[in-house]
Amino acid sequence: MEKVKLLIIGAGPGGYVAAIRAAQLGLEPVVIERSDVGGTCLNWGCIPTKALIAAAEAYSSAISSGSMGIICEPSFDWTKVIEHAKNAVSKNRKGVQFLFKKNGIRLVSGIAQFTGKKSVKVGETEFEAQNIIIATGSKVKDIPVFAVDGEKIISSDHALFQEKLPKSIAVIGGGVIGVEMAYIYRTFGVEVTIIEALETIIPFEDHEISKELTKEFKKKKIKIHAGAGVEKVEKRDSKMVVILNDGKEIEVDQVLSSVGRSPNTDDLDLGTAGIETDERGFIKTDHLFKTNVEGVFAIGDVIATPMLAHTAEHEGIVTVEQIAGIKVHPIDYRLNPGCIYCQPSIASIGYREFEAIEKGIEIKVGKFPFSANGKGVASNHTTGFVKVVTESGTGKIIGAHIIGYGATDLISEFLPAMKLGATVYDIIESIHPHPTLCEATLEAALNSIGRTIHI
Ligand code: NAD
């Protein structure tokens, strides 16, 4: 049995970032990974989708740049588009491998399994650790009535790298993965139908944001069936037929199932260590990521916090610093930004308008469209708006929601601002560079107090 200070199971964004911070703090982490470093985010999620989205944006701006005097007849080679995504993955993976070497982190390849409260085996090797962090992430949720077969019914894992595009696809689930994949496939000419059980696509966003994306997707001729769940999916000849519980039938070549993800705990043998999970299979932790077993922590998608790479990274750092004896603070998940990278892109933080109203908070809302923003007009990025939700009277910013080009970068203005308890007056008194899309943020703040300049 090898004795180690810190064992980290999983080298996704949660695990590998925790390992780097742990190495910096002298905790000499050993990381166990059964596949490639980088986890879902780098290999099957954020990075390859962003590469495909960048290609989709390049293609669609080539198509639409005639109004700027650019004359071309764009076409695309899907094989090369996929190659671009694979290259992005491989470069980023090499980057993480380099960081492991640079920080002297030992990486053990194989499947980790608990053999006791503080012991884990990987193949023939057994470790006893002072502390263990479980960062094993999540996997695609499979629903029996439309079980993924990798050919006719695929998951996002298959959709990212499939060699041939279908003529038509039904996307079951209009959440984050559903709308990002719908945007990519539609841009490359596939007929896309999104089926969402709830009343709108991206139902968890501010209502005006969901409405705006629905409008923009309809302009792209993406069909949307919201408010109807899927009863079953049948194969009829070479077609797939999606049967909805309102009786409608949708015939397509392929089906993408994007109805959520579930925690990855199958191989861990948590029972042997006595680590508790909740009814959905997530590992239970307290607000500082401690499981019920002393010295065992869990972070990232395997616990019931938002399934986002940046959230997992932050949870990893808080956990490792805590193990090293540094005073840490519980994470305020209200200040955890959410981003959707289709076009128009979406980013949000804090209270949505309806949520603040439900909570009985007296609010004022400010909004500003990119169609009235100088840079937006000059660069043909006029879709969408910035919306701020503020506390009446004080002007304290309690929510920000952006839809439009660059939203996922523009949201950053609100992160330290809200962490520091900023008001719209702080935003207004900050000189914003001109001409930039971030002036829409300034104008939304002005709008919340009736002082908009450019409308
Ligand atoms: P999700 O929870 O975001 O969306 C799933 C959607 O499917 C929901 O809107 C739900 O109402 C709908 N649905 C469920 N069952 C259905 C049915 N039978 N018929 C029709 N609709 C149904 O899940 P996801 O999009 O699969 O993403 C998984 C996780 O990964 C999420 O937590 C997401 O935040 C994360 N993720 C984040 C990003 C990003 O940050 N850009 C990208 C990809 C994934």
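Note that ligands are numbered from 1 as they come in the structure, with each ligand's atoms numbered from 1 the same way.
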task: Just need the protein heavy atom nearest to atom 21 (N) of ligand 1, so name the residue and atom and give the distance.
output: Ala197 N, 3.1 Å
query: When you look at Phe370 and Tyr405, which way does the ring pair (Phe, Tyr, Trp, His ring centres under 6.0 Å) test go after all the steps?
result: CA-CA 9 Å; Phe370 288 109; Tyr405 187 80; 9.1 Å; no
query: At a 4.0 Å threshold, what atoms of ligand 1 neighbour a non-hydrogen atom of Tyr341?
result: 41 (N)
message: Suppose I only count heavy atoms of Pro203 and a 4.0 Å limit; which atoms of ligand 1 are within that range?
response: 9 (O)
- prompt: If you count the atoms of ligand 1 from 1 in the order shown, which ones are under 4.0 Å from a heavy atom of Leu198?
  reply: 11 (O)
query: Has ligand 1 got any nitrogen or oxygen that is less than 3.5 angstrom from a nitrogen or oxygen of Ile340?
result: no
query: Can you list the atoms of ligand 1 that are under 4.0 Å from a heavy atom of Ile172?
result: 19 (N), 20 (C)
task: Pull out every atom of ligand 1 sitting under 4.0 Å from any heavy atom of Ile195, numbered as shown with elements.
output: 20 (C), 21 (N)
query: How about Thr272 and Asp269: does a side-chain donor come under 3.5 Å of a side-chain acceptor?
result: yes
field: Contact with ligand 1 for Gly45, non-hydrogen, under 4.0 angstrom
entry: no
query: N/O to N/O below 3.5 Å, does that happen between Val176 and ligand 1?
result: yes
query: Between the side chains of Ser138 and Asn264, is a donor N or O closer than 3.5 angstrom to an acceptor N or O?
result: no
query: Should the pair Arg334 and Tyr351 be classed as cation-pi, given the thresholds of under 6.0 Å to the six-membered ring centre and 45° from the axis?
result: yes
- prompt: Does an N or O anywhere in Arg261 fall below 3.5 Å from an N or O of ligand 1?
  reply: no
field: Ion pair check, Lys50 and Glu180, cut-off under 4.0 Å
entry: yes
- prompt: Taking NZ, NE, NH1 and NH2 as the nitrogens, is one of them in Lys80 or Glu83 under 4.0 Å from a carboxylate oxygen of the other?
  reply: no
- request: Determine whether the side chains of His158 and Ser155 contain a donor N or O and an acceptor N or O closer than 3.5 Å.
  value: yes
message: Checking a contact table here: which protein heavy atom is nearest atom 35 (C) of ligand 1, and how many Å away?
response: Met307 O, 3.3 Å
- request: Apply the test side-chain hydrogen bond (donor to acceptor under 3.5 Å, both in side chains) to residues His207 and Ser210: give CA-CA distance (whole Å), side-chain angles for both, the deciding distance (0.1 Å), then the verdict.
  value: CA-CA 5 Å; His207 293 333; Ser210 317; 5.1 Å; no
- request: For the residue pair Glu151 and Gln254, confirm or rule out a side-chain donor-acceptor distance under 3.5 Å.
  value: no
task: Give the residue, atom name and distance (to 0.1 Å) of the protein heavy atom nearest atom 7 (O) of ligand 1.
output: Gly173 CA, 3.2 Å
- request: Could you tell me whether some N/O pair between Phe204 and ligand 1 is separated by less than 3.5 angstrom?
  value: no
query: What's the shortest heavy-atom distance between Ala440 and Val386, and which atoms?
result: CB-CG2, 3.7 Å
task: Using the ring of Phe297 (Phe, Tyr or Trp, six-membered ring only), decide whether Lys290 places NZ or CZ under 6.0 Å from its centre and within 45 degrees of its axis.
output: no
message: Do the side chains of Lys215 and Glu212 get close enough for a salt bridge, i.e. N-O under 4.0 angstrom?
response: yes
field: Between Glu276 and Thr291: side-chain donor-acceptor atoms closer than 3.5 Å
entry: no
- line: For atom 11 (O) of ligand 1, the closest protein heavy atom turns out to be Glu196 OE2, 2.6 Å
query: Is the shortest N/O to N/O distance between Lys50 and ligand 1 below 3.5 Å?
result: no
query: So, is Gly260 polar-close to ligand 1, with some N/O to N/O distance under 3.5 Å?
result: yes
- line: Within 4.0 Å of some non-hydrogen atom of Glu180, the atoms of ligand 1 are 41 (N), 42 (C)
Atom 4 (O) of ligand 1: the protein heavy-atom neighbour that sits closest, reported with distance to 0.1 Å: Gly175 CA, 3.3 Å
message: Can you tell me which portion of Ile201 lies within the under-4.0 Å heavy-atom range of ligand 1? Options are side chain, backbone, both, or neither.
response: neither
field: Option of least heavy-atom distance to atom 22 (C) of ligand 1 (set: Thr305, Ile346, Val259)
entry: Val259
task: Starting from atom 25 (O) of ligand 1, find the nearest protein heavy-atom neighbour and note its residue, name and distance.
output: Ile177 N, 2.9 Å
- request: Flag Cys339 as yes when one of its N or O atoms lies below 3.5 Å from any N or O atom of ligand 1, and as no otherwise.
  value: yes
field: Protein heavy-atom partner closest to atom 5 (C) of ligand 1 - residue, atom, separation in Å
entry: Ser258 O, 3.6 Å
field: Check ion pair Arg236-Glu249 (N to O, under 4.0 angstrom)
entry: yes
